[in-house]
Amino acid sequence: MSVTYIEAIREAQYKALETDERVFLYGQDIGEFGGAFKATKGLKEKWPDRVMDAPISEDAMIGMAVGAAIEGMRPVVEMQFADFSSVGFNQIVNNAATHYYRTGVPIPITVRMPSGGTPGSGPFHSQSIEAIYSHYPGCIVLTPATVSDAYHMLLEGIALDDPVIYCEHKLLYRWLKSDDFEGDGLPIGKARITRPGKHATVVAYSAMVHEAVRAAEMLQSEGWEIEVVDLRSVKPLDTDTVIASVARTGRLLAVGEAFPWGGVTAEIVSRVVKEAFHLLDAPPMRLNAKDTPIPYHPKLWAAHRPTPESISHALKELLAY
Amino acid sequence: MNGLLMNEKNVCGTVKERSRLAPQSVEMKYRDAYLTVIFTMGQTKEHARKVYQAMVRSRLLEMKFSSLYKAGQIVGGVYLGKGQEAVSASVGARLEPGKDIFAPLIRDQAGRTAFGEDMLDATRTYLGSAQGPMKARDGNIHRGRPSEGVVAMISHLGSSLSVVGGMLKAREIQGKLAGCVGATCIGDGATSTGSFHEGLNYVAVEKLPVVVVVANNQFAYSTPNSKQYACVDLIDRAQGYGVAGHSVDGTDMLACAETIAKAVDTARAGGGPQMVVAKLLRLGGHGEHDDGSYIPEEIRNSTYGRDCIEVGKQQLLEKGWLSEEELTEWQEAAKMEVQEAVKTAQKEAGPNPYNEDWSALAESRFKEAHT
C-alpha cells in the first residue's frame, strides 16, 4: 500500500475534523465536488456543517476565517491556487498577521496554498509565494517536501495559534508516494538532512528538495558527496541546521523555485554570510527561477525553474572554486 | 429599558417568540410595518435618550482629543465623528454588549460609547498608554476588544465586513447564533473597495444577521461622491446584493435611531443582512490635520450640514423626553468623565521599547532573534 502527498493532505484534514470540533474547512469547490485537486474529497459528506463552499472571494474568505478564529474556531482555508491568494493578501498580512501583536487575540487559521509549477499551468497557476508571506511579521510558513511532512506539518500547523501559510506543491500531489504517513517526528522549525554529504550543501525546500537530491545523485558518479538540507518550514527558518551543514562542507548553494529577487534563498545566504562567513570555502550561491512570469509551454517552463541539470551545473561551479 | 414591549433582553433572548410574531414567511414590507408598530409603542423614548446620551459623551470626548492634538499631546492622527454621531450611536445603542458584534470605523466614537466602551480605552489609545487595549502597539481609532465583540479595525476599508460575517458564521457552527447581530459602519468611500463587495456578497449569500451602516458623508477624505460611485444612490446597491435597504437622513437623530433600530431588529429576527445608507456631512476634515476646505459652501449650508447633536437636542426637548437641566447634568457628568480618563491616561507610562516583546507570534517558541 502506498499513499500520495495529496492523500496525506486529505487525511490530515480528515484527522483534524475528527479530533477537533473547532476545525472547519472553507474554500472554493471544496464541498461535494471535493476540491479542484480532490484534497477534500468525501469530507463534506461526513461533516456537512464544517466543510463549506466559498464564493470566488479570496479577500472575504480570509476575512471570514479571521472572524471565525476570533470566535475560537480553527479554520482551514483552501486557496484554489496559491496564485489567487494575492486577492486575499491584504486580509492575510494586514489583518490575520497583525492581529495577535495588536490585540493579544491569536488568529489560528491555516491557509492551504497549492503552490509551484506544473507543465502547462502558465503564469497564474504556478507561483511559489512563500517568501512574500514570510516577509510580513506574524505568519508561520510551511513548505513540506515529503508525504509524511505533508501530513504531520498540516496537523501541527492547524494546532498552532498563529496564521499558518501551508505551501503544498502541486507537482508532488500524485507523483510523490510513500508507504505510510510515519515520519521522523521532526517538529516545525527543524530542518532535515535529507541526504548526507561532505563536499557541498544544497539548501532547498518543497519540490526543489527532490530536484536537489537528483542533482546530488548525478554528481555522485563523479565522486562528489552533496549534502541536501530540507528546510521544511521557511518561517521559522532553521539557520542552525544550515550552518551546521555548511560547517561540514564549506560550500553553500541555496535553491528555490520562486522568483530570484530577494526571497528565501537570499535570506539563507544572507544569514550564513553573516553568522558563518568563516566556515565558507567559496562564495555562497543561489539558484532560483528566472525573473519572468512563469511560462506556459512545458519546454519554457522546464527551463524557467531549477532542474537537476541546472542544480548540478551550479554545484560544479561551486565545487570548482 | 424595563417594561418595554421589545427590550434588549427580549430581542436577544426569545427568538422563538419573535418568530411566532413575525414568521419568516411574512414579506419584508409587512415585517417592517410590524416592527415600526412595535418600535413606536413604548421604547422610542428610552432608546432615543440612550442614543443621545452617547452622542453627548462622545462629542465631549472628541472635542478633548481635538484640543490635545492641537496642543501636541497626541502623536499620530485624530479622526473625529463630528456630525456622524446620530448614525453611529444609533448602531451602538441597539447592540447588546457581551452578545452582539460591532466593527466600528474611524468616525464611530459615538457608536463605541453607546456599545459600552470605557472612555479610558480611547484616551489610553490616543495618548499612548501601555495600559490601553492595544498596549500602544496601535493607536487612535485602530483599537478594539475582539474577544468582547469589538473588532479592531485595520486601515484597509471594507475589510471588517467579512470578519463580522466570519464571527457570526462561527457562532452558527457552534450553535450560538440565535439572537445575535453583527454590525459594521463604513463610509461612502469604502463602498468602492473590493473588500466591501466581497464581504457584503458573502454575508448575503450566507444570510447572516449583519447590519452594514454606510455613513455617506459625501467626501472620502477629499474625494466627492461624484468620483466615488455612479449609481443614483448607494442604497440602490442593496437590491443588487440581495440585502434589505434602509435610507435615512443621517442628521435627523430620531430618524436614525428608529431606522437603524429597525434594521438591527430585523437582522436579529432572522431577516438577513440589512444595509442602511445615512446621508449626512462630515463636520470637519478627514482628520484634525485637515481643514476640509474643499467642502463647498452650499453643501455646508444644506440640510446635511446640520449638526445632528443640535437636531437631536431639539427633538428630545420638543417631545419632552429630555429637559435642559438633565442635559446639563449629562454634559457635566461627561466632562468629568473625560477629564478623569485623560488624567488617568496621561499619568500612565508609555510602552518601554527595551521590555517590549518583539514577537508577532502567539507561539513564542518560534520567535527568531534574527534581524
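Since this is a predicted model, take the numbers as computed values, not measurements. Lettering of chains follows the sequences in order, A, B, ..., and the numbering in each one begins at 1.
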Is there a side-chain contact between [X] and [Y] in this structure, where contact means two heavy atoms from C-beta onward sitting under 4.5 Å apart?
| X | Y | answer |
| --- | --- | --- |
| A/Met52 | B/Lys169 | yes |
| A/Arg102 | B/Ile154 | yes |
| B/Val163 | A/Met64 | no |

Please report the closest heavy-atom contact between [X] and [Y], naming both atoms and the distance.
| X | Y | answer |
| --- | --- | --- |
| B/Glu198 | A/Ser57 | OE1-C, 3.1 Å |
| A/Gly67 | B/Met167 | O-CG, 3.2 Å |
| B/Ser162 | A/Gly63 | OG-CA, 3.2 Å |
| B/Ala170 | A/Ala68 | CB-CA, 3.7 Å |
| B/Glu363 | A/Asp162 | N-OD2, 2.8 Å |

Query raised in the report: If you count heavy-atom pairs under 4.5 Å with chain B, which of A/Thr98, A/Val87, A/Val66, A/Val105 comes out on top?
Result: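 Answer, by heavy-atom pair count under 4.5 Å with chain B: A/Val105.
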Query raised in the report: Where do A/Tyr101 and B/Asp357 land on the side chain to side chain contact (heavy atoms under 4.5 Å, CB included) test, with the steps shown first?
Result: CA-CA 9 Å; A/Tyr101 185 73; B/Asp357 178 8; over 6 Å; no
Side chain, backbone, both or neither: which part of [X] has a non-hydrogen atom closer than 4.5 Å to chain B?
| X | result |
| --- | --- |
| A/Ile188 | both |
| A/Ala159 | backbone |
| A/Ile70 | side chain |
| A/Arg50 | side chain |
| A/Asp49 | backbone |
| A/Ile62 | neither |

Check whether [X] gets within reach of chain A through its side chain, its backbone, both or neither, counting any heavy atom under 4.5 Å.
| X | value |
| --- | --- |
| B/Leu361 | both |
| B/His197 | neither |
| B/Ser359 | backbone |
| B/Arg365 | side chain |
| B/Gln174 | side chain |

Option that, when pairs with chain A are counted at under 4.5 Å, heavy atom only, ranks first among [options]:
| options | value |
| --- | --- |
| B/Glu356, B/Arg143, B/Glu206 | B/Glu356 |
| B/Arg171, B/Lys176, B/Lys135, B/Glu172 | B/Arg171 |
| B/Gly199, B/Ser195, B/Gly144, B/Gly165 | B/Ser195 |
| B/Gly194, B/Gly158, B/Pro133, B/Ser159 | B/Ser159 |

Query raised in the report: Is the B/Tyr202 ring parallel, tilted or perpendicular to the A/Tyr26 ring (thresholds 30°, 60°)?
Result: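 B/Tyr202 vs A/Tyr26 ring planes: perpendicular.
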Hey, can you pull the donor-acceptor pairs under 3.5 Å for the side chains in residues 135-145 of chain A, sequence neighbours left out?
unit_1	atom_1	unit_2	atom_2	d
A/Thr143	OG1	A/Arg232	O	3.0

Query - Set of residues satisfying ring-ring contact (aromatic ring centres under 6.0 Å, His included) with respect to B/Phe65, sequence neighbours excluded - result: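 Residues passing ring-ring contact (aromatic ring centres under 6.0 Å, His included) with B/Phe65: B/Tyr126.
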Report task. Kindly determine whether B/Leu168 and A/Glu71 satisfy side chain to side chain contact (heavy atoms under 4.5 Å, CB included), including the steps that lead there. Result -> CA-CA 8 Å; B/Leu168 293 166; A/Glu71 293 292 305; over 6 Å; no
Query raised in the report: Counting heavy atoms not belonging to B/Gln239, are there more than 12 under 6.0 Å from its CD?
Result: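 Not buried by this count: 12 neighbours or fewer within 6.0 Å.
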